[in-house]
Amino acid sequence: MTDDAQGTGNPAVVLVAARHPGNIGATARAMKTMGLTRLMLVTPAHFPHAEASARASGASDILAGAEVFPDLGAALADIDWVVGTTARSREISLPVRSPDQAARELADQAGSGRLGALVFGRESHGLRNDELDRCDRLVHIPTAPDYSSLNLAHAVQILVYEVHRVSAAATPSQGPREVPAGGRVLEDLFRHWERVVQDVAFMDPQNPERTFRRFRRLILRAAPTEGEVRFLRGFLSAIDKRIHGPRHRSATGKQKPEEGGGES
Ligand code: SAH
């Protein structure tokens, strides 16, 4: 891992299945102009490639340091806060942020020592649903209504510019702030929540996914902190106990819920 990703807290840039090597080179250049260094490539069609090197121009060091992965999950293994990018202004399952908001949230996460990543999709059809599911947030660059699909490297340039602008404008730290909980903590909450929804039969048995998705969307919109997630897990555990008796153990087991529900 580069010093940048860990040291200054700048997010990594992840290109998923980029088809044109020129876009990879132009991405490296866009990153370097804005002070970002960690480039991850998930199954690039051609890499390394002369066209990528030519388009990177003075950013050949970023290309040389690029990490290549067999799938998005492998690339995100050490990432705590994942921001997916989409050419569509509405996606079904996740809150969609403006570039400025997304950059601020990334800076907040970095301020708490969490590694972030900006994930970009295929030139042909963007990110798949299973890849969108890996994201904590989505970001959309506002465009003219009748054509919203930017060139991949142009989209990278705009978003890394926002990251740079926000970090350059950052005031000195005002002490630790509570930031929204990231993916793994929320995944555990969702699993627990869905189990309780099933236990109390609060769903359409024909389509439980629809109920789960509504809760998921609502919780994501609320952007709970880790303390608030513990509070919700404590509440779910109280329901568990009422239904299954006091000896019932919380099922995901990873996180000890806060019994009694003290809000933090
Ligand atoms: N036809 C594709 C667009 C792919 S453009 C689709 O419908 O999704 C290739 C990539 O560039 C996208 O996956 C996204 O990462 C980025 N991109 C393009 N336009 C964007 C926009 N308006 N906002 C955010 N990212 C965008």
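Read the numbers this way: they start at 1 and go in the same order the structure lists the ligands and their atoms. Here the structure is a predicted model, which means the values were calculated and not measured.
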*Salt bridge check: are R104 and D100 linked by an N-O gap of less than 4.0 Å?*
yes
*To the nearest 0.5 Å, what is the distance between CZ (R114) and CG (L106)?*
12.0 Å
*Would you please write out the protein residues whose heavy atoms approach any atom of ligand 1 to under 4.0 angstrom, listed by chain and number?*
T85, T86, A87, R88, F120, G121, R122, E123, S124, H125, G126, V139, H140, I141, T143, S148, S149, L150, L152, A155
*Any Lys/Arg nitrogen of D78 or R38 sitting under 4.0 Å from an Asp/Glu carboxylate oxygen of the other?*
yes
*Should the pair E162-R97 be classified as a salt bridge under the 4.0 Å nitrogen-to-oxygen rule?*
no
*From the options V82, N10, D80, select the one residue that forms a side chain to side chain contact (heavy atoms under 4.5 Å, CB included) with L115.*
D80
*Is E187 salt-bridged to R184, cutoff N-O under 4.0 Å?*
no
